K.L.:
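Quick one: the structure is below, questions incoming.
Everything numeric here is computed off the predicted structure, so don't read it as measured data. FYI, the numbering just counts along the sequence from 1.
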Amino acid sequence: MNRAYYNNSISNFLTEDSNSILGQLSLNHTNRHLEDLQKNAWVKQIVILKNELIGFEGKIYFEFSIPRMGKRVDNIIIINDCIFVVEFKVGDDTYGKHAELQVMDYSLDLQNFHEGSHNAKLIPVLVATNAKAVSFQINEVLELNEVAKCNKVTIKETLNKFYLKSNDAIDTFIWENSKYKPTPTIIEFAQSLYKGHDVEEISRHDSDKINLTKTSDCINRVIDYSKKNNKKSICFITGVPGAGKTLAGLNIANERMKVDEDEHAVFLSGNGPLVDVLREALALDLFATSKEKGDKITKGEARRRTSAFIQNIHHFRDEYLKNKTEPTEKVVVFDEAQRAWTKKQASSFMKRKKGIEDFSMSEPEFLIDVMNRHEDWCTIVCLIGGGQEINTGEAGLEEWINAFENNYQDWNIHYSNSIVDSPNYIKTIKHKDWLKHNAIPESELHLSASIRSFRSELVSEFVHELLELNFEKTRNLYMKVNKTFPIVLTRDLDKAKNWLRTNSKGTERIGLVASSGARRLKAIGLDVKNEISAPNWFLNDSNDIRSSYFLEDISTEFDIQGLEIDRTCLIWGANFHLKNGTWHFQSFKGSKWMNINQEISKDYLKNTYRVLLTRARQGMVIFIPEGSEIDRTRPNKFYDETYNYFKEIGFDEL
């Protein structure tokens, strides 16, 4: 593993000529725009560390790569049993909050995703060279709740506080060569891809279950075959919630742009918040990166440059309603393809919003028709989430199959085996049989393990059994999941918020989530009808009252589907609760609850809670309110049986 620009034993570093060290750093540094500024910082770091590390034995690394974050930590210093993660702020006379969070995040990344650091003593150290020396709590630093702060002449003193010569020293060769298994958020993944990182660097590929590379390779084979033989093809990717379907789609769109710009690959999604968040994240990252390089670029220009990579599927659709020519794109990735509209829903929308009286296609059929305009070749990649349809009029996978069966039988269809093996994707035997006889099964097109909840791959399975009311399976899975992915229960909202705040470190994101139908949460000061700005909620920092960190604004299933945060508080609503041992479904109309009787509407509501229960990466608290004796819309029976079910499963209670 060569993840550092420079690494050496501390003793060799102390005796090596400073110009030689600087030369190695410069040789590996690719950013020429800031070379003088960066060189000056390195020169000062080298001088300071040569003085402060006298008497220590161990290993030192400069510019150590943290691929998931697309960053490099200034120094890693390993002495005996300690791994010091060091961030320098040369010339600073204060310890900046941003710098504290930065070095804390580096330490958390190593702890979570680098095998050699999982159980190691990690110490985040912030060096503001000209600042005054300040005290810190050693135990809090070791728990990664605080950062050790020092200046240019107190580094040695700081390091001496943490290591014990009697403890077993870290084998730096084993540590260096330990596997790095990152599980980036969708936002981090998109940013890293856009910057040019390879998927091998930024995603897990440690087992047959978790391998985005195999899925990408399979799709690339299909695309290359289609291109070579002038064929039109479609691939259906499936996966459990959080398995990385969107990551796979982003990777394909990015890879095909690199293979041949004439392919004009694009990632399309009908999930408005997802598109808004990813595009804004890419734009802000490009703006910040360009500023670091000394390039002059406005935020508006950054937004224009990044908008081509990720687009709203409805804008794509509207463009080719007006424009009857073949599309520019040869490779399109449709995210959450199961949410495309039925013929009835699409026709109604076209008549009401577009003034088109005779539109007679489902949304899947129209999108296929658009790509079918190509005279030579094209490939559609559909990302399918099983059991995640949450809106009236969402077609599911059946409508895509209908389109091919009726009109496009010359296309090559490649599908994940799970589509016919699992009940979560297709409900009719007719559609399954048609696929078996007219399409090509590909095992690599199914992503079977959740990587969103990187602390436990069993979260999605646990949620499924919980919602199916399979008590014993749920209880057994909870005991396994809860060891590494805490799921706790409370009836006190303040306790829930406090749990989120005390369990999150660095910039780990926390937030409140609830069903859009949980209307009577308004009585306890939580209004799900208050629309949020998804980019503000997901991207802004803890100083912004609009961000998720403030635990004021609620993200509903429509805001958070396809995205995730580190820890959530799921606020359980009265619209979906247990009644005599079975789920009861209701919606709030006017001043009272109305029973939901249609099976498809019940499925949508259950899927809403499936989505909300699978948005956390590191842990979750479920808050079930107390009922009210004087409010007939919030009787105790709407909450107590659900709460008791969770208690009987064994949920830890705050």
K.L.:
Side chains of Thr325 and Asn323: is there a donor and an acceptor less than 3.5 Å apart?
P.N.:
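A pair is found: one side chain offers a donor N or O, the other an acceptor, under 3.5 Å apart.
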
K.L.:
Using only atom types and a distance under 3.5 Å, with no angle test, would you say the side chain of Ser347 pairs donor to acceptor with the backbone of Lys344?
P.N.:
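Checked: no pair found.
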
K.L.:
Tell me every residue that passes side-chain hydrogen bond (donor to acceptor under 3.5 Å, both in side chains) with Ser547, counting only those two or more places apart in sequence or in another chain.
P.N.:
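Counting only residues at least two positions away or on another chain, Ser547 forms no side-chain hydrogen bond (donor to acceptor under 3.5 Å, both in side chains).
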
K.L.:
Could you tell me if the side chain of Thr213 sits less than 4.5 Å from the side chain of Asn251, heavy atoms only?
P.N.:
no

K.L.:
Is it true that Gln561 and Asn271 share a donor-acceptor pair across their side chains at a distance under 3.5 Å?
P.N.:
no

K.L.:
Salt-bridge test for Asp318 and Lys354: reply yes if a basic N is under 4.0 Å from a carboxylate O, no otherwise.
P.N.:
yes

K.L.:
Tell me yes or no: between the side chains of Glu365 and Asn407, is some donor less than 3.5 Å from an acceptor?
P.N.:
yes

K.L.:
Before accepting this row, confirm whether a basic side-chain N of the pair Arg509/Asp566 lies closer than 4.0 Å to the acidic partner's carboxylate O.
P.N.:
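No salt bridge links Arg509 with Asp566.
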
K.L.:
Test of understanding: with salt bridge (charged side-chain N to carboxylate O under 4.0 Å, His left out), list the residues that count as partners of Lys430, not counting sequence neighbours.
P.N.:
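Listed in chain order: Glu405.
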
K.L.:
Decide if the gap between the ring center of His431 and the ring center of Trp400 is smaller than 6.0 angstrom.
P.N.:
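Here the rings of Trp400 and His431 have centres that are no less than 6.0 Å from each other.
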
K.L.:
Identify all side-chain donor-acceptor contacts of residues 326-333 below 3.5 Å with residues at least two apart in sequence or on another chain.
P.N.:
{"residue": "Lys330", "atom": "NZ", "partner": "Asp376", "partner atom": "OD1", "Å": "3.4"}
{"residue": "Lys330", "atom": "NZ", "partner": "Asp376", "partner atom": "OD2", "Å": "3.2"}

K.L.:
Under the salt bridge (charged side-chain N to carboxylate O under 4.0 Å, His left out) test, which residues partner Arg72, sequence neighbours left out?
P.N.:
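Testing Arg72 for salt bridge (charged side-chain N to carboxylate O under 4.0 Å, His left out), a comparison that skips the adjacent residues, returns none.
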
K.L.:
Do you know which two heavy atoms are closest between Ala337 and Cys382, and how far apart they sit?
P.N.:
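Closest heavy-atom pair between Ala337 and Cys382: CB-CB, 3.7 Å.
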
K.L.:
Check whether any side-chain heavy atom of Lys427 lies under 4.5 Å from a side-chain heavy atom of Lys432, and answer yes or no.
P.N.:
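Side chain of Lys427 against side chain of Lys432, heavy atoms only: no contact under 4.5 Å found.
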
K.L.:
Within a strict 4.5 Å, meaning less than it, do heavy atoms of the Ser360 and Lys343 side chains meet?
P.N.:
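Yes - at least one pair of side-chain heavy atoms lies under 4.5 Å apart.
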
K.L.:
Do Leu268 and Asn312 come within less than 4.5 Å of each other through their side chains, counting heavy atoms only?
P.N.:
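When only atoms from C-beta onward are counted, Asn312 and Leu268 do not touch, as no gap falls below 4.5 Å.
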
K.L.:
Answer yes or no: does atom CD of Glu375 have more than 12 heavy-atom neighbours from other residues, nucleotides or ligands under 6.0 Å?
P.N.:
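Atom CD in Glu375 is not crowded, with 12 or fewer foreign heavy atoms closer than 6.0 Å.
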
K.L.:
For Glu399 and Ser362, indicate whether the former's side chain and the latter's backbone hold a donor-acceptor pair under 3.5 Å.
P.N.:
no

K.L.:
Salt-bridge test for Arg615 and Asp559: reply yes if a basic N is under 4.0 Å from a carboxylate O, no otherwise.
P.N.:
no

K.L.:
Using 0.5 Å steps for rounding, measure from the CG atom of Leu367 to the CZ atom of Phe334.
P.N.:
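Here the interatomic distance stands at 4.5 Å.
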
K.L.:
Mind checking the CZ-CZ spacing from Arg617 to Phe485? Nearest 0.5 Å is all I need.
P.N.:
10.5 Å

K.L.:
Mind checking side-chain hydrogen bond (donor to acceptor under 3.5 Å, both in side chains) for Thr379 and listing every partner two or more places apart, or none if nothing turns up?
P.N.:
Ser233

K.L.:
Between Ser348 and Gln345, is there a donor-acceptor pair closer than 3.5 Å when you use the side chain of the first and the backbone of the second?
P.N.:
no

K.L.:
Which of these, Ile565, Leu512, Ile532, sits in a side-chain contact (heavy atoms from CB on, under 4.5 Å) with Ser555?
P.N.:
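With Ser555 as partner, side-chain contact (heavy atoms from CB on, under 4.5 Å) holds for just one option, Ile532.
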
K.L.:
Restricting to salt bridge (charged side-chain N to carboxylate O under 4.0 Å, His left out), what partner residues turn up for Asp433, sequence neighbours left out?
P.N.:
none

K.L.:
What residues, two or more places apart in sequence or in another chain, satisfy ring pair (Phe, Tyr, Trp, His ring centres under 6.0 Å) together with Tyr225?
P.N.:
none

K.L.:
What are the two closest non-hydrogen atoms of Arg256 and Asp224, and how far apart are they?
P.N.:
NH2-OD1, 2.9 Å

K.L.:
Checking the side chain of Glu363 only, and the main-chain atoms of Ala340 only, is there a donor and an acceptor separated by less than 3.5 Å?
P.N.:
no

K.L.:
What pair of heavy atoms forms the shortest contact from Ser216 to Ile252, and how long is it?
P.N.:
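The answer is O-CD1, 3.7 Å.
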
K.L.:
Say whether Glu557 and Ser516, considering side chains only, have a donor N or O and an acceptor N or O under 3.5 Å apart.
P.N.:
yes

K.L.:
Go through the structure and list residues passing side chain to side chain contact (heavy atoms under 4.5 Å, CB included) with Asn372, not counting sequence neighbours.
P.N.:
Lys232, Tyr408, Trp411

K.L.:
Please name all residues satisfying ring pair (Phe, Tyr, Trp, His ring centres under 6.0 Å) with Phe576, sequence neighbours left out, ordered by chain then number.
P.N.:
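Phe576 satisfies ring pair (Phe, Tyr, Trp, His ring centres under 6.0 Å) with Trp583, Phe585, Tyr609 once adjacent residues are dropped.
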
K.L.:
Run the ring pair (Phe, Tyr, Trp, His ring centres under 6.0 Å) test against Phe366 and tell me which residues pass, sequence neighbours left out.
P.N.:
Phe359

K.L.:
Say whether, by atom type as modelled, one donor and one acceptor occur between the side chain of Asp285 and the main chain of Ala281 under 3.5 angstrom.
P.N.:
no

K.L.:
Check the pair Asn28 / Glu63 against side chain to side chain donor-acceptor pair (under 3.5 Å), numbers first and verdict last.
P.N.:
CA-CA 10 Å; Asn28 286 303; Glu63 300 294 333; over 6 Å; no

K.L.:
Hey, is CD on Glu319 packed in by over 12 heavy atoms from elsewhere, all under 6.0 Å?
P.N.:
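Atom CD in Glu319 is packed in, count exceeds 12.
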
K.L.:
Between Leu383 and Phe267, does the side chain to side chain contact (heavy atoms under 4.5 Å, CB included) criterion hold? Intermediate values first, please.
P.N.:
CA-CA 11 Å; Leu383 312 178; Phe267 180 91; 4.1 Å; yes

K.L.:
Would you call Ile384 and Ile237 a side-chain contact if the rule is heavy atoms closer than 4.5 Å?
P.N.:
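Result no, sub-4.5 Å side-chain heavy-atom pair not found.
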
K.L.:
Is there a donor-acceptor contact under 3.5 Å from the side chain of Asn229 to the main chain of Lys231?
P.N.:
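Here the side-chain-to-backbone pair does not exist.
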
K.L.:
Within the supplied structure, the quantity of interest is the number of heavy atoms (other residues, nucleotides, ligands) at a distance under 6.0 Å from Lys228 NZ; does it exceed 12?
P.N.:
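No, not enclosed.
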
K.L.:
For Arg303, which residues count as a salt bridge (charged side-chain N to carboxylate O under 4.0 Å, His left out) partner, sequence neighbours excluded?
P.N.:
Glu280

K.L.:
Do Thr306 and Arg279 have a side chain donor and acceptor closer than 3.5 Å?
P.N.:
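No donor-acceptor contact under 3.5 Å links the two side chains.
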
K.L.:
Rounded at 0.5 Å granularity, tell me how far OG in Ser416 sits from CG in Leu445.
P.N.:
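Output value for this atom pair is 6.5 Å.
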
K.L.:
Write down the atom of Pro535, the atom of Val277, and the distance for their closest heavy-atom approach.
P.N.:
N-CG2, 3.8 Å

K.L.:
Where do Leu278 and Ala190 come nearest, in terms of heavy atoms and distance?
P.N.:
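Closest pair (atom of Leu278, atom of Ala190, distance): CD2-CB, 4.2 Å.
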
K.L.:
Does any non-hydrogen side-chain atom of Ile560 lie less than 4.5 Å from one of Phe538?
P.N.:
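Phe538 vs Ile560: side chains touch.
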
K.L.:
Taking all non-hydrogen atoms of both residues, which atom of Gly619 and which atom of Ala616 are closest, and how far apart?
P.N.:
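Looks like O-CB, 3.2 Å.
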
K.L.:
Any side-chain heavy atom of Val463 sitting closer than 4.5 Å to one from Arg610?
P.N.:
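A side-chain contact exists here, since the closest heavy-atom pair is under 4.5 Å.
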
K.L.:
Among all residues two or more places apart in sequence or in another chain, which pass the side chain to side chain contact (heavy atoms under 4.5 Å, CB included) test with Leu110?
P.N.:
Phe64, Ile66, Ile76, Val85, His114, Ser117, Leu122

K.L.:
Just so I know, are the side chains of Val222 and Asn412 near enough to count as touching, which here means a heavy-atom distance under 4.5 Å?
P.N.:
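Counting from C-beta outward, Val222 and Asn412 never come under 4.5 Å.
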
K.L.:
Sort out for me which residue in Asn417, Asp421, Thr238 forms a side-chain hydrogen bond (donor to acceptor under 3.5 Å, both in side chains) with His446.
P.N.:
Thr238

